[in-house]
Amino acid sequence: MSEKHNGAHGHKGVLETDPDLPPTAIDAAVADAEDRRWTPAKIALWVGIALLGGIAWIMLAIVRGETVNAIWFVFAAVSTYFIAYRFYSKFIERKLLQPDDRRATPAEYKADGKDYVATDRRVLYGHHFAAIAGAGPLVGPVLAAQMGYLPGTLWIIVGVILAGAVQDYLVMFFSMRRGGRSLGQMAREELGVIGGTAALLATLTIMIIIVAILALVVVNALGESPWGVFSVSMTIPIALFMGVYLRFLRPGKVTEVSLIGFALLMLAIVAGGWIAETEWGVALFTLDRVTIAWGIIIYGFIAAVLPVWLLLAPRDYLSTFMKIGTIVLLAVAIIITRPEISVPAISEFAATGTGPVVPGPLFPFLFVTIACGALSGFHALISSGTTPKLIEKERQARFIGYGGMLMESFVAIMALVAALSIDRGIYFAMNSSAAATGGTVEGAVAFVNGLGLTGVNLTPDALTSLAGNVGEESIVSRTGGAPTLAVGIAQIMQGLFGGGGAMAFWYHFAIMFEALFILTAVDAGTRVARFMLQDSIGNFIPRFRDTSWRVGAWVCTAIMVAGWGAILIMGVTDPLGGINTLFPLFGIANQLLAAIALAVCMAICAKKGAFKYLWIPALPLAFAAVVTISASFLKIFSPVPAIGYWAQHNAFKDALAAGEESFGNAPTVEAMEKVVTNTFIQGTLSIVFVTLAIIVIITAILATIRAYRNGGGDETEDAPVPSRIYAPAGLIPTPPEKELEAQWNALGPAKRPVRSGH
Amino acid sequence: MERARAGQAPGKVRSLMSTGTALGRARDAARGVAWFFKGVMGENAYAAYLEHHEASHCSEPPMTERQFWRDRTDRQDANPEGRCC
């Protein structure tokens, strides 16, 4: 390894400990010995975890009875996470990253009490998890359930341990060593102007598509649903009230206001049920999807230009509150009710690629349908920038980065279980586009029973009674994943709490829960994208750099909202169904971002001189690149119209040229023209994404090769500063860590350096 | 009992108290959950700021609670944080 490498012993002189203070790090030899100390109890514990995981995987993958119990998913996932965390993330820490607790983190050496604050690792874990987990891991697994339970489960679990969690951990660590720099800044530094600019452009366009498709999920969940529209719109006045309360009445009482907001939210859900029973309520709140889409567009613009304190911050509190509460509740409910799952391990659609939910065969489309939960590029934006400014000690990055992503993966597994617990016939009736089912109960029954799935016999009665139970007019073609998940959650919660009428409450609770995340992601995403755009335009028109300049802010917000709004409207009015044509683009975009992040990490590792362990980022990079580039190429070049955007485009164009008046799922000439335009936009976006990502990956490979030839590269880390604080690395302190912590706690208050709870 | 500082887990304060009883342990556990929850929600931010201010021996008086939270959201206006999908 090169001399430039910053291993644990690279800065002996610089990182002298203050003689008045206890050591700021566990001695490397002691830490090593602790890792290698295998007591019988420890061995028994890990053998137990391994056995439990092994049995669970056997139950899932090999023993295939009529049904499989959901508890095996939980055991398989949790055991595998523990093993991966203990052994693989430790391996990455020891061999590749080599954190040094004697070095101060940015939270310590840049401490300002505001943005840079050393935060307790457990609190920061919760904080980071709340920032990374949103609607993504709840939606993708639901759509991928059409391929059976096994492919999705395998990809979520194996993907996270080898790719997703690795990406989050590496990005977080590298950003932490660079004072909390963002991914974009690191890309420019490591890859040069071309790679950096391509990364920035890719991030910007990817954010637009991600916001658009998330918004589409909400629109599909709320369309023709007076209950949903009422309760979700009530979140706006509730958030405004909370904002005013925090600003003027009781500043800083975050938990208090969140509790009040939560109570109001529950009231809004219950009141939605009452309203949906009244004639005027139905008349007022039954909105078609196009109207809702316009509502979200207008909302998105206003929310992004309003001051943060009024809408965004209180909504964020509410969303964090709901997120943590609901996820814990769902985990408990799944463990207690243990639903039986009768979906086949691998369905016929995995191989044929003719599934009605999302088109395309298992490879590569499973891997782009489930992005969040297995590998999510968006996390690189959170793992760089925000969280690294709060980490207290370098060795905690493993727990927060790698461990935080494992938790998101577990959320994805729970979403998958919830979707799988629904009757298969109902699943397909809900998730096939209205173009296929005609949007009617009879149409849905005919379509689903016509799919020829073994063991599926859908009756009209099943659909209407479920719709009645969840308090909706109809559940046919409620695509987008959110309603399906809501039905699954409602069934599980009803199993736990029982009670008639409870299902409707839980269904709308789940819809609210997802809508809240998504709307938060929409305003936060628009805001972040607006700043990026202002920064980019600022290269040509310097005035745009000034983010407090109102005109610039409004113009850039409008451009961003117009970008995602156009795609949203396109998705809502798409004659072919919207979600099924657009969702692959969402997954591809997210994973191309992951490929970009991993490419930057690989270049950094190469410059550090860590060639022996370069495969740690290179392996997931290669996989993400192969998956997303081949998926993009299929979307661009596939001759099958259901898969290839351009094939679809040309098929409809030819049909129009031949003077046909209806074609495929498009009943009118107008609809056919719309398909021609939509596929043109989707096809163009695919080309843009894949081109930008290929540029970034190539520049990263070139940077890596250059570093290999030179035996390393320029140092881009901040200069090391000795630390003056100590805290254990993981959730549970080891005996030597406890001992050292006790020494620090015994210090007089005057000597004790600053630590903080946020 | 010394007031629990924002940054400290309640466990460190616990050692100062004699909590042999089940009630005491339950109270500690509840306090721990409340501490964790407030931390995740960000409620401890002002306490953290005061601690930092005190430790940095700055001669200027610290912002009041109201000023601090205003400043915090105003800074978020200028530096937006992404939220994930």
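Residues passing the salt bridge (charged side-chain N to carboxylate O under 4.0 Å, His left out) test with A:Lys253, sequence neighbours excluded: B:Glu65. A:Leu214 meets the side-chain contact (heavy atoms from CB on, under 4.5 Å) test with A:Ala135, A:Ile210, A:Ile518, A:Ala521, A:Phe586, B:Cys85; sequence neighbours excluded.
Contact count versus chain B (heavy atoms, under 4.5 Å) is highest, among A:Cys372, A:Pro307, A:Pro137, for A:Pro307. Ranked by heavy-atom pairs under 4.5 Å with chain B, the list A:Phe321, A:Phe517, A:Tyr125 is led by A:Phe321. Note on A:Ile132, A:Thr520, A:Thr547: by heavy-atom pairs under 4.5 Å with chain B, the leading option is A:Ile132. In terms of heavy-atom pairs under 4.5 angstrom with chain B, the leader among A:Asn590, A:Asp316, A:Val139 is A:Asp316. Contact tally against chain A (heavy-atom pairs below 4.5 Å) for B:Arg70, B:Glu54, B:Arg66: the top residue is B:Arg70. The most heavy-atom pairs under 4.5 Å with chain B, out of A:Ala313, A:Pro251, A:Gly134, come from A:Pro251.
Only the backbone of A:Leu306 comes within less than 4.5 Å of a heavy atom in chain B; its side chain stays farther off. In this structure, chain B has a heavy atom under 4.5 Å from the backbone of A:Leu249, while its side chain stays farther away. For chain B, the nearby parts of A:Phe248 are the backbone and the side chain; heavy atoms of each come within less than 4.5 Å. In this structure, no portion of A:Ser548 lies under 4.5 Å from any heavy atom of chain B. Heavy atoms of A:Phe531 lying under 4.5 Å from chain B belong exclusively to its side chain. Neither the backbone nor the side chain of A:Asp523 has a heavy atom closer than 4.5 Å to any heavy atom of chain B.
Residues A:Arg247 and B:Thr73 bring a donor and an acceptor atom of their side chains to less than 3.5 Å of each other.
Classification of B:Arg25 and B:Asp28 as a salt-bridged pair fails, no side-chain N sitting under 4.0 Å from a carboxylate O.
Nearest heavy-atom pair, A:Leu246 versus A:Gly252, reported as atom, atom and distance to 0.1 Å: CD2-N, 3.8 Å.
A distance of 9.0 Å separates NE2 of A:His127 from OG1 of A:Thr386, quoted to the nearest 0.5 Å.
Taking the six-membered ring where tryptophan is involved, the planes of B:Phe68 and B:Tyr46 are tilted, since the angle between them lies from 30° to 60°.
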